[in-house]
Amino acid sequence: MPLTLFDTMSRAQRELTPLDGSTYRFYACGPTVYGPAHIGNFRTFVLQDLFRRVLELGGTPTKHVRNLTDLDDKTIRVSQEQGQTLTDFTRHWTLLFHADCAALHCLPPHIEPSAVEHIPHQVRMIEELIAKGHAYAAPDGSVYFKITSFPDYGRLSRVKERELKQGASVSDDEYEKDTLGDFALWKARKPEDGPNFWPAPWGEGRPGWHLECSAMIREYLGDTFDLHSGGVDLVFPHHENEIAQSECCADSGHHGFAAHWFHITHLLVDGKKMSKSLGNLYTLADLAAKGYTPEEVRYVLTAAHYRAQLNFTFDSLDGARQALAKIARAERALAARAGQDAAPSYESLIGQDPGPFAPAWTALNHDLNTAETLGHVFTALKALKPDALTPAEALAAWRGLHLILAAFGIVLPQEKADEVPAEVRTVAEARWAARNAKDWAESDRLRGELDTLGWTMKDGREDYTLTRK
RNA sequence: GGCGGGGUAGCCAAACGGUAAGGCAGUGGUUUGCAAAACCACCAUUAGCGGGUUCGACUCCCGCCUCCGCCUCCA
């Protein structure tokens, strides 16, 4: 079943097939490593991960390239403010980003190039663009892309004649540009950049932000590749500028850059855009401090369709916990009936027949409609009665369920047995004995005692469970 | 102002020109010494507002209201 996905450029849903006939090669704009990524950033990265999983599990291998922006205004400014070298500074935030991605069960990209390690590639592109008449050096040593030299400029964002928002001021670090829309390929060295400058034929400085992606795509994916992805905010100007740079550089001429554009809509928090001033900007660490797991966060991020604004609330996080627990119970029942223990590996699920979860798999392959998919999952789980299935039927259903879970990157909560202190265990045993002797008064008194100790005791038929409050 | 995406039950959120999935919460029941958990059942005659097209619209068209995003380095 081919995956169909909405394409920003053509504004239509299109089937995804690898240009080279075998591997689907895509590029995702990565994080700027100058601070902790927030859950809004992670919506994008988690959805890109889900996208990749659906492709791979459907039988299409991928080549996933995602950059690290470690060289831009923010990384330079903040590292300077903190008296750190750019390298030390960005390494710190890169490590945290990787830890967060791992916690969210995102597959690592196959290649993760960094901007600062590809300066020669960027310089080379600028030289080509100047030679072809698409760029010019300003007197101060900055180089700009000349948008009037690229008639297609604005095709992706459909903004031909861009107008400055009323009252918007042109920032004072804009140098001498021919036209307002021209953007920097190279930014001349400034005193506040500190030691962060590099030599170039037109003077010391550093590459402009948009250029890094173009240069690294060219290096790792070539002039033409399958898909480019990022948050909606990148449509303009970042992706528009990338198209201009890359297509003007490419030997093949125009229209050959990304064959498909996949943009993920922003996350809202309590109905508003996240911002520090509103106090609604959350990182994974913030949510962990409130007791939420990365799995619960991932569930919320993937539960809504990627092209709709997702309103992130703590209620939805609580709901995610219950929903995951519900899936986990059903999974255990199926696993038991199927005689399975550990979850099947990701690799073993490639090409898996979804079985009773076929409607879910179909919905997922239809423009990644995750919300509809989950609806089908719960409907199917409700219809399945594990005890009425043969072990073979249970196995098929169990593997079908795991296909969907693998695509979502859902890792089910384990039944974790809390370490029970001996003192608590003693009281619990006493209560269990009292209860079995039908001494309700003593039983309730001991339960109260456990409560004081910070433990909750729940009675089962054969046994009891103790959980920390 | 330009471009774009939304407004569906208490919350989150889908589908569909043919009469509203699913999750959470809630309610009733089964079970339980009680409880918790679990399981079963119920839970929008109604879709921001007003028109229109149609045998029939939440779904298509028009107008309005409203929320959100981008408009030079923000996922």
Side-chain angles (χ1 to χ4, degrees), chain A residues 8 11 28-32 37-48 69 72-74 147 154 157-168 170-171 173-174 177 180-184 187 208-212 229-238 240-241 263-268 271-275 299-300 303-305 307-327 329 333 359-360 363 366 369-382 435-436 438-441 443-444 447 456-461 464-465 467:
Chain A
T8 310
R11 312 200 143 259
C29 284
T32 302
H38 58 249
I39 53 172
N41 297 315
F42 282 120
R43 181 186 195 193
T44 297
F45 300 130
V46 163
L47 269 133
Q48 289 164 345
T69 296
D72 80 323
D73 289 355
K74 292 192 291 293
I147 60 167
S157 58
R158 306 189 179 222
V159 181
K160 269 287 181 194
E161 300 295 328
R162 288 171 309 119
E163 299 168 16
L164 276 183
K165 184 171 143 191
Q166 278 200 329
V170 178
S171 63
D173 63 1
E174 300 293 349
K177 301 194 282 191
L180 205 52
D182 290 354
F183 55 91
K187 303 179 89 161
W209 173 52
H210 307 297
L211 192 57
E212 62 170 276
S229 173
V232 279
D233 56 314
L234 297 184
V235 173
F236 186 86
H238 186 55
E240 201 72 79
N241 292 352
H263 289 108
I264 292 111
T265 299
H266 277 337
L267 177 73
L268 303 179
K272 295 208 162 61
K273 184 185 179 179
M274 278 190 294
S275 73
Y299 186 94
V300 172
H305 186 76
R307 260 186 302 122
Q309 287 172 341
L310 164 59
N311 189 19
F312 186 92
T313 64
F314 284 95
D315 279 350
S316 60
L317 220 34
D318 292 331
R321 173 168 302 176
Q322 296 309 120
L324 284 169
K326 189 170 192 168
I327 295 170
R329 281 193 299 274
H366 181 219
N369 194 334
T370 50
E372 185 185 351
T373 302
L374 288 172
H376 288 305
V377 166
F378 285 105
T379 302
L381 288 178
K382 191 170 188 176
R435 193 195 95 105
N436 287 337
K438 299 193 190 301
D439 183 349
W440 310 133
S443 176
D444 289 346
R447 182 154 62 189
T456 301
M457 183 167 177
K458 293 176 184 172
D459 304 338
R461 200 167 287 281
Y464 59 86
T465 56
T467 47

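Convention: sequence-line order gives letters A, B, ...; per-chain numbering from 1. Side chains are part of it too, since the values below use all heavy atoms of this structure and drop only hydrogens, waters and symmetry mates.
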Check your understanding: Is there a donor and acceptor pair closer than 3.5 Å between the side chain of A:D444 and the base of B:G33?
Key -> yes
Review point. Using 30° and 60° as the class limits, which term best fits the ring planes of A:H238 and A:H210: parallel, tilted or perpendicular?
Key: tilted
Practice item. Could you give the distance separating B:U59 and B:U54 at their C1' atoms, to the nearest angstrom? Key: 13 Å
Review point. So which nucleotide does B:C58 pair with, by the Watson-Crick or G-U wobble rule with both distances under 3.5 Å?
Key: none
Review point. Under 4.0 angstrom, heavy atoms only, what part of the nucleic acid is A:R447 near: base, sugar-phosphate, or nothing?
Key: base
Exercise for review: Report which part of the nucleic acid A:H38 touches: base, sugar-phosphate, or nothing (heavy-atom distance under 4.0 Å, all strands).
Suggested key: base
Point to revise | Euclidean distance for P, B:A75 against B:C71 (whole angstrom) | key: 12 Å
Practice item. Determine which nucleotide pairs with B:G22, using a 3.5 Å limit on both distances of a Watson-Crick or G-U wobble pair. Key: B:C12
Exercise for review: Report the residue (A:L268 or A:G231) whose heavy-atom-nearest nucleotide on RNA chain B is the more 5′ of the two.
Suggested key: A:L268
Point to revise | Which atom of A:I264 lies closest to which atom of A:S229, heavy atoms considered | key: CD1-OG, 3.8 Å
Exercise for review: Taking atom C1' in both B:U30 and B:A36, compute the distance separating them and give it to the nearest angstrom.
Suggested key: 15 Å
**Study point:** A:M274 side-chain proximity, nearest of B:A75, B:A41, B:U72
**Key:** B:A75
**Study point:** Whole angstrom value for the distance that separates C1' of B:C74 from CD1 of A:I39
**Key:** 16 Å
**Study point:** Atom-to-atom span, NE2 of A:H210 to P of B:C71 - whole angstrom
**Key:** 11 Å
Point to revise | Counterpart base for B:U46, defined by Watson-Crick or G-U wobble contacts under 3.5 Å | key: none
Practice item. For A:N369, report the nucleic acid contact type (base, sugar-phosphate, nothing); a contact means any heavy atom under 4.0 Å. Key: sugar-phosphate
Check your understanding: Heavy-atom distance under 4.5 Å between the side chains of A:M457 and A:R435, does that happen here?
Key -> no
Exercise for review: Look at A:N311 and B:C12 and indicate whether a side-chain polar atom (N or O) is within less than 4.0 Å of OP1 or OP2.
Suggested key: yes
Review point. Using a cut-off of 4.0 Å on non-hydrogen atoms, how would the nucleic acid contact of A:G40 be classed: base, sugar-phosphate, or nothing?
Key: base
Check your understanding: Just checking A:S443: base, sugar-phosphate only, or nothing, at a heavy-atom cut-off of under 4.0 Å?
Key -> base
**Study point:** Watson-Crick or G-U counterpart of B:G1, or none if no pair lies under 3.5 Å
**Key:** B:C71
**Study point:** Euclidean distance, atom CD1 of residue A:I147 to atom P of B:C71 [Å, nearest integer]
**Key:** 15 Å
Point to revise | A:F378-B:G22 aromatic stacking (under 5.5 Å, under 30°) | key: no
Check your understanding: What's the closest nucleotide to the A:R435 side chain, out of B:C70, B:C34, B:U72?
Key -> B:C34
Point to revise | side-chain N/O A:K326 vs B:A37 OP1/OP2, d < 4.0 Å | key: no
Review point. Expressed in whole Å, how much space separates the C1' atoms belonging to B:C58 and B:A13?
Key: 15 Å
Check your understanding: Contact class for A:L234 (heavy atom, under 4.0 Å): base, sugar-phosphate, or nothing?
Key -> sugar-phosphate
Practice item. Please state the P separation for the pair B:U31 and B:A57 - nearest whole angstrom. Key: 47 Å
**Study point:** Separation between the C1' atoms of B:A41 and B:U53, rounded to whole Å
**Key:** 42 Å
**Study point:** Shortest non-hydrogen separation from A:D233 to A:H266 and the atoms involved
**Key:** OD1-CE1, 3.3 Å
Point to revise | Who pairs with B:C39 - Watson-Crick or G-U, where each distance is under 3.5 Å | key: B:G29
Practice item. Just call it for A:G375: base, sugar-phosphate, or nothing, with non-hydrogen atoms closer than 4.0 Å on any strand. Key: base
Practice item. Have a look at A:A323 and say if it touches a base, only the backbone sugar-phosphate, or nothing, with a 4.0 Å heavy-atom cut-off. Key: sugar-phosphate
Revision key, fill the gap. Whichever of A:T44 and A:R307 has the more 5' nearest nucleotide on RNA chain B, that residue is A:R307
Check your understanding: How close or far is atom C1' of B:C67 from atom CD of A:Q309, stated in whole angstroms?
Key -> 8 Å
Point to revise | Residue pair A:L374 / A:Y299, side-chain heavy-atom distance below 4.5 Å | key: yes
Check your understanding: When you compare B:G33 with B:C40, how far apart are their C1' atoms, in angstrom units rounded to a whole number?
Key -> 23 Å
Exercise for review: State which of B:A13, B:A75, B:C34 makes the closest approach to the side chain of A:A371.
Suggested key: B:A13
Revision key, fill the gap. A:L267 has its side chain closest, among B:A21, B:A75, B:A13, to B:A75
Review point. Roughly how many Å is it from NE2 in A:H305 to C1' in B:A13, rounded to a whole number?
Key: 12 Å
Revision key, fill the gap. To the nearest angstrom, the CG-P distance between A:L381 and B:A21 comes to 18 Å
Check your understanding: Between CE of A:M274 and CZ of A:F312, what distance do you get to the nearest 0.5 Å?
Key -> 9.0 Å
Review point. So does A:R329 get a side-chain nitrogen or oxygen closer than 4.0 Å to the phosphate oxygens (OP1/OP2) of B:C39?
Key: yes
Review point. Choosing from B:U72, B:A14, B:G5, which nucleotide comes nearest the side chain of A:E372?
Key: B:A14
Exercise for review: Please report the closest heavy-atom contact between A:L310 and A:A304, naming both atoms and the distance.
Suggested key: CD1-CB, 3.7 Å
**Study point:** Inter-residue atom distance A:H366.NE2 - A:T373.OG1, 0.5 Å rounding
**Key:** 10.5 Å
Practice item. Could you give the distance separating B:A15 and B:U46 at their C1' atoms, to the nearest angstrom? Key: 16 Å
Exercise for review: Could you tell me the separation between the CG atom of A:D233 and the P atom of B:G69, rounded to a whole number of Å?
Suggested key: 11 Å
Practice item. Would you mind reading off the distance between A:M457 atom CE and B:A35 atom P, rounded to a whole angstrom? Key: 17 Å
Check your understanding: What does A:H266 touch in the nucleic acid at a heavy-atom separation under 4.0 angstrom: a base, only the sugar-phosphate, or nothing?
Key -> base
Check your understanding: Touch check for A:Q322, heavy atoms < 4.0 angstrom, all strands: base, sugar-phosphate only, or nothing?
Key -> sugar-phosphate
Review point. If you check the A:W440 side chain, which of B:G22, B:A15, B:G33 turns out closest?
Key: B:G33
Exercise for review: Considering non-hydrogen atoms only, spot the tightest contact between A:V300 and A:S316 and give its length.
Suggested key: CG2-O, 3.5 Å
